[in-house]
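Worksheet: one structure, shown below.
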Amino acid sequence: MSKTVGDFFVERLYEWGVRTIFGYPGDGINGVLGALDRFGKIQFIQVRHEEMAAFMAAAHAKFTGEPGVCLSTGGPGAAHMVTGLYDAKMDHMPVLAITGQAPTTARGAHYQQELNLPRLFEDVADYVYEASQPSQVRHLLDRAMRTTRGRNGVSVLVLPGDLQDKPYEDPPRKHGNVFSGVGYTKPRVVPYEADLVRAADVLNAGSKVAILVGAGALGATDEVIAVAERLKAGAAKALLGKAALPDHLPWVTGSIGLLGTKASWEMMSDCDTLLMIGTGFPYSEFLPKEGKARAVQIDIDPTMLSVRFPAEVNLHGDSAETLRMLLPMLKDKTDTSWREKVEKEVRDSYKLLEDRALAPANPINPQRVCHELSPLLSRDAIVTSDSGSCANWYARDLKVQRGQMYSLSGGLASMGAAVPYAIAAKFAHPDRPVIALVGDGAMQMNNMAELITVSKYWKRWKDPRWIVCVFNNEDLNQVTWEQRVMEGNPKFEATQKIPDVPYHRFGELIGLKGIFCNDPDKVGEAWREALAADRPVVLEFKTDPEVPPLPSHITLDQARHFMTTIVKGDPSEGSMLAGVARQVLSSILPGDKS
């Protein structure tokens, strides 16, 4: 039997280092699926929905540093992948998407499931192309993989169904053909020495230096620590950079922004110099006021330089390499007064967070769920979070230890990513415990179905510890509070209230362990039981929707909008006001009173 285009395609993927594909079958991609079966060296993970396959591919890239690969049929399957691919694009992750297509003989005839896929994907993809000839597939795949790796972006290859089953042909050596090859190694990208000197001059001149790290600093922990110690700086972390610095360091202020800490807000408000490392943190209002601080920025992507704050020196380069070259040029500051101030703010912030987490609620304070989990996490734990109010507690109440990994949908901030992220993390690191934090809205949206994927595959994992923690508050909580505080409107129950679902029982029905907790004094016990289980766990906490996800700094406009909400009358006004009072006054009220 001659080698088909599908056979060649799969073998070429393997040559490029692909070992795992997340996807869902369909007749438009059957030629590749048959080749995968015949080849037998690439594992195919069957998901419940193509969007989840794309999320898993993005997460695979985040947790391994290697391109993630997802696959679907054409038409609806391909269209389903778009959201997950935008997640990869927004977070600069290398992902290859493979889709089927209507047969070449029917193209242009408004055939069933025939969509203009190159046009559909042209915004999300750095490279997208539909194959039409067997000899073309070689250079399309090589260029797609090289583009994905080199640009940390998305590539999409569209393969018509009949083309996949045709005999493969190498391109003939004649005019109009090209010959491509496998392989790509990222270069060492560093700024010129003159620019490093300019950056050092700015940083050396500052007396109150603040550092902000993002995902681009995840591989530069030692270098960031060395620079911070020399400059006697404090450091805040954008959400995707949560694991870049361990939180035991007394000068690490934690997260920044709407989900950030008071210490981060105070540091950014008072600093005279800002060093941004590998971050595209979006909310400029949480950075220093323009003109108040000089700034230096480092990023591997030149298009991300000076897009949030006007940097005096923009350094295009790899974070770790650039910091290593910059360090000898930095003076060791002897005045420690700024560092001491930052450390005091950090201590005060952690005390405030603890008081808020332990404040009474009805029945469980959602902050307590993460507060109790944090000291139980091992140094090899991986934690994912969904978007929504659970991301607040993930950002503030989990203290990072060195070696742990954390991620979520950052730039896109999409609901529904936590469980597919956690599944991809477990396939990438089957010997490490993985925990997903999910709101009940995202569970109902699409994450419950992916528990079936966990049920199908978990016995392959070396370590069975895989936990999805569900915050069940019967509310689309983040948006409810945004309605109140950002718009000045009461909670709109028609859009916000969602059904009460027994998530832990659903887990039990499909062979997982289910744990339910509605007692605040048993939160730690529930976590310990889940972490000791011999199989994946659906851990459901009944949490209070009226615990506000308070920002690090409440603006006058936010206060006015909240007062407008009270004047208009909120359907949960009594419990809402009690919840706010407990949180705002948590540091001065007795622990057992509201």
Side-chain angles (χ1 to χ4, degrees), residues 1-46 50 53-54 57 60 66-75 77-78 81 94-107 113 117-118 121 125-150 154-185:
M1 180 179 177
S2 62
K3 181 185 293 186
T4 67
V5 169
D7 291 321
F8 170 81
F9 187 82
V10 168
E11 291 171 16
R12 197 74 161 189
L13 284 172
Y14 188 84
E15 288 184 61
W16 272 102
V18 175
R19 298 295 182 268
T20 301
I21 296 175
F22 303 96
Y24 201 81
D27 63 344
I29 198 68
N30 270 342
V32 171
L33 297 179
L36 281 168
D37 186 26
R38 290 189 291 274
F39 188 62
K41 296 180 183 179
I42 298 176
Q43 67 171 342
F44 181 84
I45 306 303
Q46 180 205 75
E50 294 91 349
H60 177 89
E66 294 296 317
V69 181
C70 52
L71 175 149
S72 76
T73 188
M81 289 201 295
V95 167
L96 172 67
I98 305 161
T99 84
Q101 176 59 289
T104 55
T105 51
R107 297 288 282 114
Q113 295 191 337
L117 294 180
F121 290 114
D126 287 275
Y127 182 77
V128 55
Y129 215 89
E130 179 175 330
S132 59
Q133 296 291 329
S135 62
Q136 184 188 21
V137 171
R138 171 175 159 180
H139 70 254
L140 293 185
L141 177 54
D142 290 345
R143 191 171 183 207
M145 287 299 294
R146 195 168 286 108
T147 301
T148 290
R149 285 179 173 270
V154 174
S155 290
V156 180
L157 291 180
V158 181
L159 302 175
D162 57 338
L163 178 69
Q164 300 166 39
D165 290 323
K166 289 183 177 179
Y168 174 71
E169 300 171 4
D170 273 323
R173 184 174 172 78
K174 66 179 183 177
H175 183 71
N177 287 279
V178 295
F179 298 85
S180 59
V182 172
Y184 174 78
T185 301

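Residue numbers run from 1 in the order of the sequence given.
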Could you tell me the separation between the [atom1] atom of [X] and the [atom2] atom of [Y], rounded to the nearest 0.5 Å?
| X | Y | atom1 | atom2 | value |
| --- | --- | --- | --- | --- |
| Ile42 | Glu11 | CD1 | CD | 9.5 Å |
| Phe44 | Asp37 | CZ | CG | 11.5 Å |
| Tyr184 | Thr147 | OH | OG1 | 10.0 Å |
| Met81 | Thr73 | CE | OG1 | 9.5 Å |
| Thr99 | Leu159 | OG1 | CG | 7.0 Å |
| Trp16 | Glu66 | CH2 | CD | 11.5 Å |

- Message: Would the distance check show the side chain of Arg146 and the main-chain N or O of Gly181 forming a donor-acceptor pair, the cut-off being under 3.5 Å?
- Response: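 Yes; judged by distance alone, with no hydrogens or angles, the pair exists.
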- Side-chain donor or acceptor of Ser72 paired with backbone N/O of Ala78 under 3.5 Å: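 Side chain of Ser72 to backbone of Ala78: a pair is present.
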- Message: Let's go through Thr20 and Val69 carefully: what are the C-alpha distance in whole Å and the side-chain angles of both, what is the deciding distance for side-chain contact (heavy atoms from CB on, under 4.5 Å) to 0.1 Å, and is it a yes or a no?
- Response: CA-CA 7 Å; Thr20 301; Val69 181; over 6 Å; no
Restricting to non-hydrogen atoms, name the atom on [X] and the atom on [Y] that form the minimum distance, rounded to 0.1 Å.
| X | Y | answer |
| --- | --- | --- |
| Ser2 | Asp7 | O-OD2, 4.3 Å |
| Pro160 | Val158 | CD-O, 3.6 Å |
| Pro167 | Val5 | O-CG2, 4.2 Å |

Quick one, [X] and [Y] - any side-chain contact, counting heavy atoms below 4.5 Å?
| X | Y | value |
| --- | --- | --- |
| Arg19 | Lys41 | no |
| Pro134 | Leu163 | yes |
| Ile98 | Leu13 | yes |
| Arg138 | Phe8 | yes |
| Tyr127 | Leu140 | yes |
| Leu96 | Pro67 | no |
| Phe9 | Tyr168 | no |
| Ser180 | Arg143 | no |

- Message: Tell me if the CD atom of Gln46 is crowded by more than 12 foreign heavy atoms within 6.0 Å.
- Response: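 Yes.
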- Message: Consider side chain to side chain contact (heavy atoms under 4.5 Å, CB included). Of Thr4, Leu33, Ile29, Val137, which one does Gln164 pass it with?
- Response: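 Exactly one candidate clears the test, Ile29.
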- Report the C-alpha distance between Leu117 and Val156 in whole Å, list the side-chain angles of each, state the deciding distance to 0.1 Å, and finish with yes or no for side-chain contact (heavy atoms from CB on, under 4.5 Å). CA-CA 9 Å; Leu117 294 180; Val156 180; over 6 Å; no
- Task: Dump the intermediate steps for side-chain contact (heavy atoms from CB on, under 4.5 Å) on Thr148 and Asp126, then the final yes or no.
- Result: CA-CA 8 Å; Thr148 290; Asp126 287 275; over 6 Å; no
- Between the side chains of Asp162 and Thr104, is a donor N or O closer than 3.5 angstrom to an acceptor N or O?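 A pair is found: one side chain offers a donor N or O, the other an acceptor, under 3.5 Å apart.
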- Walk me through it: do Val10 and Arg38 pass the test side-chain contact (heavy atoms from CB on, under 4.5 Å)? CA-CA 10 Å; Val10 168; Arg38 290 189 291 274; over 6 Å; no
- Lys/Arg-Asp/Glu bridge criterion (N-O < 4.0 Å) met for Arg107, Glu130: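 Judged by the 4.0 Å cut-off on N to carboxylate O distance, Arg107 and Glu130 do form a salt bridge.
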